[in-house]
**Q** 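There's a structure below that I have some questions on.
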Number of protein chains: 2
Amino acid sequence: MSTIVSLARGAAVATPRRDDAPLGNRLLTSLSPEDFGLLAPHLELVSFAVGDCITRAGDPIDSVCFLEQGIAGVLDSLDDDRRYAVGLVGAEGFIGWPLVMGDDRSPYDVTMRAERGQALRMPAEALLAAVDQSPTLRLTLLRFAHVFMVQMGRTVVSSLAHSIERRMARWILLYHDRVQADEICMTHEEFRLMLGVRRSSVTDALHRLEEEHAIRAVRAKVLVHDRTKLMALAGDTYGQPEQDYVRLLQMDRRR
Amino acid sequence: MSTIVSLARGAAVATPRRDDAPLGNRLLTSLSPEDFGLLAPHLELVSFAVGDCITRAGDPIDSVCFLEQGIAGVLDSLDDDRRYAVGLVGAEGFIGWPLVMGDDRSPYDVTMRAERGQALRMPAEALLAAVDQSPTLRLTLLRFAHVFMVQMGRTVVSSLAHSIERRMARWILLYHDRVQADEICMTHEEFRLMLGVRRSSVTDALHRLEEEHAIRAVRAKVLVHDRTKLMALAGDTYGQPEQDYVRLLQMDRRR
DNA sequence: CGGACTTTGCACGGTTCCGTACAGCAACGT
DNA sequence: ACGTTGCTGTACGGAACCGTGCAAAGTCCG
């Protein structure tokens, strides 16, 4: 943390990646040594603070980020100030997938939603070159994009069919999956943005989840207490993309 | 319609495509002669009736469909009976994009939403083989998938931020873009499914749109009257994916 | 023409969620 | 200690929307 200073707009100062550093990103660890070798020379470690912008909607994508720590919120915005979360990405994926799908611009704002966010970053051209060289690398990256797309679909269904309480249960699960501990650092205000509701609705919904002993809410934090109960509440808007991820990327689930 | 009989479950009887037949699918027409040549030998003409299932959620994708006429609704379903529309695909795209993204199963139900639907169908293996041979073909198909993903993102935002009336304006526009006439054949019940609301809410919203002279609603039909007014209502949940489509697939908009 | 069926219009009370406002409480710097 | 700031709890009336049920109108078919 001494030499890695994070700046505004997510233009974090980067350090070269040390070859012996352990990998936290599950896409990278799932790659064959050959495929990883295509990427490794270009990877550099960057760090982000809460709220840092990783990509901005409409901007050209000049680099991609494989998250190692932290969670990125993928936000779509209306012309007014309001922004809504359409998905979450953590160490199970990467940021910049439109590149692999033939677009050089990001349709979304992507911002860091956790403290001490870290990612391995590489230039867009290097990624495209690597993808052109290795069909298996391309496949892995595309599969992640596909799973993310499925997640977005469930977000649509969830927001159409479910109450705030149920939708909140789902987001907590999505968050929980991507975080190391049972402790989720998020204020009601941040929940409000994700769910697209009023702040006090968040308060109420959290209380109801607390009454059912699914979580424990303390200041600026949510402690996950009963994952099973959360899953029951979220219903089948949670689970499908997660199963697809395991099936397509041949990995074990973290928990 | 004499020899092409549509069956239940979308297993329409197919006829070989005649080489001199004009193409209606905008993805196919945008392909280079070489790329189209990779697909042409495998294309066969199939037709669908309203409600025919083109792909079913969870099933293996054994063929892809380039729509020539009609509109397909992409539906995500909860375990109960309720299904919600996450997007629409017409002659500007194709059905079966998860294949190109490395999944051989469809996460969605896709059903024909217009009468006299027609598509050029080809086997999944043939498509995958063609895509492996031609990077430009792959790029075109991926770009469509990407634009569809952007459309889904806007669906999330629209359902979070907008009233039924505004969301309806958006769906009418999406439908209108993909249909040849200003006449949209759809009952309130079908709207209900797309929007995830109660049937009489559809009635009310249509009345409001009618009062503003944006549309004219008659039995089982909506006549688009003032597209500009619809776009004003839909706000910026309409337009972005459409612009992206033009930008990425280098085509003129139909209207 | 008459009956069956589909589609649409409308009304009722009830619930969820909104916008807004304000007060209590925790964290923090000085 | 004190004020400042950020986070949370709570309350109020109002709007949007729901589930339901039923009647009217259009369409189809014999």
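If you're wondering where the values come from, they're calculated on a predicted model, not measured in any experiment. A note on names: the letters A, B, ... follow the listed sequences, proteins ahead of strands, and every chain is numbered from 1.
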**Q** Would a line drawn from the ring center of B:Phe148 to the ring center of B:Trp97 be shorter than 6.0 Å?
**A**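 Yes, they do, as the ring centres are separated by less than 6.0 Å.
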
**Q** I need the residues from residues 195-209 of chain A with at least one non-hydrogen atom less than 4.0 Å from DNA chain C; give them sorted by number, or say none.
**A**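 When residues 195-209 of chain A is checked for heavy atoms under 4.0 Å from DNA chain C, the hits, listed by number, are A:Gly196, A:Val197, A:Arg198, A:Ser200, A:Ser201.
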
**Q** Could you work out, with side-chain hydrogen bond (donor to acceptor under 3.5 Å, both in side chains) as the rule, every residue matching B:Thr111, not counting sequence neighbours?
**A**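 B:Thr111 satisfies side-chain hydrogen bond (donor to acceptor under 3.5 Å, both in side chains) with B:Arg113 once adjacent residues are dropped.
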
**Q** Can you check whether A:Gln240's main-chain N or O pairs, donor with acceptor, with A:Arg154's side chain at less than 3.5 Å?
**A**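 Between the backbone of A:Gln240 and the side chain of A:Arg154 there is no qualifying donor-acceptor contact (under 3.5 Å).
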
**Q** Give a yes or no on this: more than 12 heavy atoms of other residues, nucleotides or ligands lie within 6.0 Å of atom NE2 of A:His162.
**A**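 Correct, the count exceeds 12.
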
**Q** Hey, where on DNA chain D does chain A first and last touch, going 5' to 3'? Cut-off is any atom under 4.0 Å from a heavy atom.
**A**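 The contacted stretch runs from D:dG6 to D:dA11.
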
**Q** Under 4.0 Å between a Lys/Arg side-chain N and an Asp/Glu carboxylate O for B:Arg121 and B:Glu44?
**A**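 The answer is yes: the pair qualifies as a salt bridge.
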
**Q** Below 4.0 angstrom, which residues in residues 213-220 of chain A have at least one non-hydrogen atom near DNA chain D?
**A**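 Here the set is A:Val218, A:Arg219, A:Ala220.
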
**Q** Could you tell me which residues satisfy side-chain hydrogen bond (donor to acceptor under 3.5 Å, both in side chains) with A:Glu210, sequence neighbours excluded, listed by chain and number?
**A**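 Counting only residues at least two positions away or on another chain, A:Glu210 forms a side-chain hydrogen bond (donor to acceptor under 3.5 Å, both in side chains) with A:Arg216.
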
**Q** So, does A:Glu92 use its side chain to make a donor-acceptor pair with the main chain of A:Gly90 at under 3.5 Å?
**A**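 Between the backbone of A:Gly90 and the side chain of A:Glu92 there is a qualifying donor-acceptor contact (under 3.5 Å).
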
**Q** In degrees, rounded to 10°, what is the bend between the two ends of the helix from C:dC1-D:dG30 to C:dT30-D:dA1, using five pairs at each?
**A**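 Between the axes fitted at each end of the helix from C:dC1-D:dG30 to C:dT30-D:dA1 lies an angle of 30°.
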
**Q** I need the CD-P distance between B:Glu189 and C:dC5, as an integer number of Å.
**A**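 Going from CD in B:Glu189 over to P in C:dC5 covers 17 Å.
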
